[in-house]
Amino acid sequence: MNNAVAEKRMSSLEKRKFYRNRRTKTILVAVFIFAALLGVYLSGILLSDDLITADFSQKALKPSLEHPFGTDMLGRDMLVRTLKGLSVSIVVGTVASGVSAVIALIVGAAAATGVSWLDHFINWVIDLVMGIPHTVLLILISFACGKGLKGVLIGVAVTHWTGLARIIRSEVLQIRSQQYIEVSKKLGHSSWWITVHHILPHMVPQFMIGLILMFPHAIMHESSLTFLGFGLSPEQPAIGIILSESMKYLSAGMWWLAFFPGLMLVILVLLFDRLGENLKKLMDPYSAQE
Amino acid sequence: MKRQPVLSVEDLSVSFRMYDTGLEQADLQVISNLTLDVCPGEIVAIAGSSGSGKSLLAHAVMGLLPGNASVTGKILYKGMLLSQKEKEKLRGKEIALVPQSVSYLDPLMTVGAQVTGRTPDEKTLKAQKEIFQRFHLKEGTEKLYPFQLSGGMARRILVSTAVLSNAQIILADEPTPGLDLEMAVEALKIFRELADEGKSVLLITHDIDLAFHIADRVAVFYAGTTVEIADAEDFQKGPKALRHPYSKALWEALPQNGFKPIPGFQPYAKDLPKGCLFSPRCPYKTEECEKEIPMTKVRGGYVRCIHAD
Amino acid sequence: MQIEGKNLSFRYGPKLPWVLKDVSLTVKEGERVGLVGPSGYGKSTLVRILAGYLKPEEGQVLLDGKPLPAKGVCPVQLIYQHPENAINPRWKMKKVLQESGMFREDIMGALGIEKDWLQRYPRELSGGELQRFCVARSLFPGTHFLFADEMSTMLDVITQAQIWDLMLKEVEARNLGLLMVTHNMELAKKICTRTINLEKMNHEMKI
């Protein structure tokens, strides 16, 4: 009898321990993912370009211990190429989603200031951007901006803010209607003061989560643009380039040229997604207390 | 001649697990060792301080507590122990809630549809017309959306919803704020009629002067526990008939009874005092008060105070 | 000083019925006025118009003969029924007082605000404790009128008595004008120097 009680107490204690760790665990996972992503980025930067000079004695090798991802038709190590490609992808993703998220914040907050023509105009622009097929718009902008890294960056940055802008607009509208905003006005504070002190701090979770979850999109779109030939130039080690090159040799049975880079891209994207989800768990008021 | 209670709450404790700054978590004990029952045909009024866990009790009974709440103790419906699943099954059918906030109305649905359900039959429609009339809600009100209602109208709609649900138990969480005296009395009268038909009402309210007249029994809450449960009659008579110092203070703080506030605050759930939760504000406090205080029977009512006689 | 509502009319949309029609009233400094009447007669709406939160469709609100200032510190302050909605949930209480420049010992003492509440978030305080902050931040030197819209309805009677006790002391000491909406006639009797029944003044009977 006593034993049973003690056991019950033990299990509830253990449960509590697990419970207590929920937030800690989430943070650990997020830190781990962040470290992994940073590792990929740094290895891409730090690995010498000499490692991927053409060496025809090593061409088209299957994956082995020496070349875990195999080599391509020019004898370059696919692992190094993939890492460098992912590194470029991360840079493009960071810059493009950073710019995009800032645009979203400004546009969303501006739409919610209460000036009705501005709100209508911004909503019209959002509908317009969202209405055009995404890839087509990306290609047009990238092409118009001269392709290459610049074209891709601009293209991805100016097409990804719409969803987040809508969320921020409705959040700001909702907060603007709160009584404490009315009170603040009557206490003599300006609209700008209220925006900075009351509204923007409320936007931090939405902004951060939106930013991180935009990463996967930005990276995928960068790769697909490059794959289609409207993005980075062929001499740059981008995943899109690697994948489009591999197309020529797939029928020759050189599966590793596409498989490993593609797999790594998917893993990278999933890692970002998981990072965003973890942050959401921490910041979202509905799950923050769990 | 004690009847079988339709709802009984035994030794209920509810605590919330909250994050402090960073990773530390702390328990907030918001309801401690609460015991209460309601019999068929009875109105039990719950009076007490704001933040004493009155609404949380209602939410615990309905199974509406959030995920970080942990509950110990028993909630029995007609003698049957209620699990979360059963609470969800009974919710709205056997047990109905009149929520505290008028924002519980669906903003995108006409109030008529919210009161009667989407496909009401003749009988429900007739009942709805009747109750709207009693509440002085003009014809056509059922076609309005919540944002077109005043606070008092929304409150009456919420009460109508629970009344039309045909539930055995109605948990009314503050059904009267925003209502003028006539309407508040009308709402309470409707509850009285329901009780007289054999249903049970748990009436959580700050309008205690009204509640004292309509209820059968009154439970006084303080800092998450019951400090006194007694016949409503005692509360009409005044401090002499009451048992707990907090109940007496409540009575004397009513505008018509002197409007006299006692000093001090209800303790914060993070650091509750030892023993009697009211002791920091109590004029009769002795060392004994720091021990666990059980509910004891005094003059036919129950009180959680060792100095009561 | 006095605040005057002249022939105020209001409705929430051009085709909706009038909530207020042709209502006039005046509140002078040092006066404590109770606004009573059945629910749905526009008591809250009237108070919000007088405090400058809503624009009347017809009529005007005058403070000593001049329109209310649209910007800057407002001499008319409104205290709401639900303090938890009137305080930014992400702010610590100290910041709430600082926002209005009322982080001052004398004010906190007068309203019985405990030191250790200042480091808490709004959700860690009860309604009565929060309401003290709402009153405190409204009592800056430029305030001449306090409007209270069912300010103590959601509070228990002890807290209600506490708050009114503290607030009346300040109102008297500063000779403020007070306009309170309430359904509790007993409360109005205790507090007000006169009461106005909106049912008799509002010329539009509504829903």
Side-chain angles (χ1 to χ4, degrees), chain A residues 22-23 105 108-109 112-117 119-120 167-211 279-290, chain C residues 44 47-55 63 68-93 95-103 121-124 130-131 133-147 149-151:
Chain A
R22 179 76 160 268
R23 195 183 259 195
L105 185 67
T113 45
V115 187
S116 101
W117 66 264
D119 191 21
H120 283 296
I167 293 174
I168 287 189
R169 172 181 169 270
S170 65
E171 285 280 314
V172 173
L173 275 182
Q174 198 248 330
I175 287 177
R176 271 196 190 279
S177 67
Q178 297 287 323
Q179 281 175 2
Y180 56 84
I181 302 289
E182 288 185 340
V183 170
S184 197
K185 262 183 226 156
K186 291 287 163 191
L187 292 173
H189 292 296
S190 65
S191 183
W192 176 247
W193 192 94
I194 290 171
T195 307
V196 172
H197 289 85
H198 279 291
I199 295 174
L200 287 185
H202 271 96
M203 294 302 124
V204 169
Q206 302 293 347
F207 180 79
M208 289 302 293
I209 296 162
L211 175 73
L279 279 184
K280 206 165 163 180
K281 258 191 220 155
L282 288 175
M283 291 177 150
D284 188 44
Y286 294 104
S287 59
Q289 290 300 337
E290 282 174 14
Chain C
S44 297
V47 169
R48 286 172 64 77
I49 290 175
L50 285 173
Y53 286 87
L54 286 175
K55 284 229 170 319
L63 184 71
L68 273 181
K71 273 187 184 158
V73 182
C74 188
V76 182
Q77 290 292 325
L78 178 60
I79 296 164
Y80 293 87
Q81 182 179 359
H82 298 283
E84 59 277 13
N85 295 343
I87 288 175
N88 188 336
R90 284 169 188 262
W91 281 12
K92 286 200 171 154
M93 299 316 297
K95 198 167 175 195
V96 173
L97 287 182
Q98 281 168 337
E99 183 188 21
S100 68
M102 281 295 102
F103 179 51
Y121 286 101
R123 64 177 155 84
E124 298 172 310
L130 288 177
Q131 199 62 288
F133 282 90
C134 291
V135 176
R137 70 171 171 194
S138 310
L139 285 173
F140 46 78
T143 306
H144 292 282
F145 293 94
L146 272 186
F147 290 178
D149 186 1
E150 303 244 23
M151 164 182 125

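So that the names make sense, note that chain A is the first sequence line, chain B the second, and so on, each numbered from 1.
Of the residues considered (C:Cys74, C:Gly142, C:Ala51), C:Cys74 shows the highest number of contacts with chain A, using heavy-atom pairs under 4.5 Å.
The structure places CD of A:Gln179 at 5.0 Å from OH of C:Tyr80, a figure rounded to the nearest 0.5 Å.
Summarising the geometry of C:Val73 relative to A:Leu187, their closest heavy-atom pair is CG2-O, 3.6 Å, with the distance given to 0.1 Å. The minimum heavy-atom distance between C:Pro89 and A:Tyr180, with the atom names listed, is CD-CE2, 3.5 Å. Counting all heavy atoms, side chain and backbone alike, A:His197 lies closest to C:Lys95 at CD2-NZ, 4.4 Å.
In this structure, A:Trp193 and C:Glu99 have side chains that are in contact, with non-hydrogen atoms separated by less than 4.5 Å. In this structure the side chain of A:Val183 reaches within 4.5 angstrom of the side chain of C:Arg137, judged on heavy atoms. Here the side chains of C:Trp91 and A:Pro201 are not in contact, with every heavy-atom distance at 4.5 Å or above.
Residue C:Gln77 touches chain A through its side chain alone, counting heavy-atom pairs closer than 4.5 Å. Looking at A:Ser190, neither its backbone nor its side chain comes within 4.5 Å of chain C, counting heavy atoms on both sides. For A:His202, the parts lying near chain C are the backbone and the side chain together; criterion is any non-hydrogen pair under 4.5 Å.
Checking side-chain atoms of A:Lys186 against main-chain N and O of C:Ser138 turns up no donor-acceptor pair under 3.5 Å.
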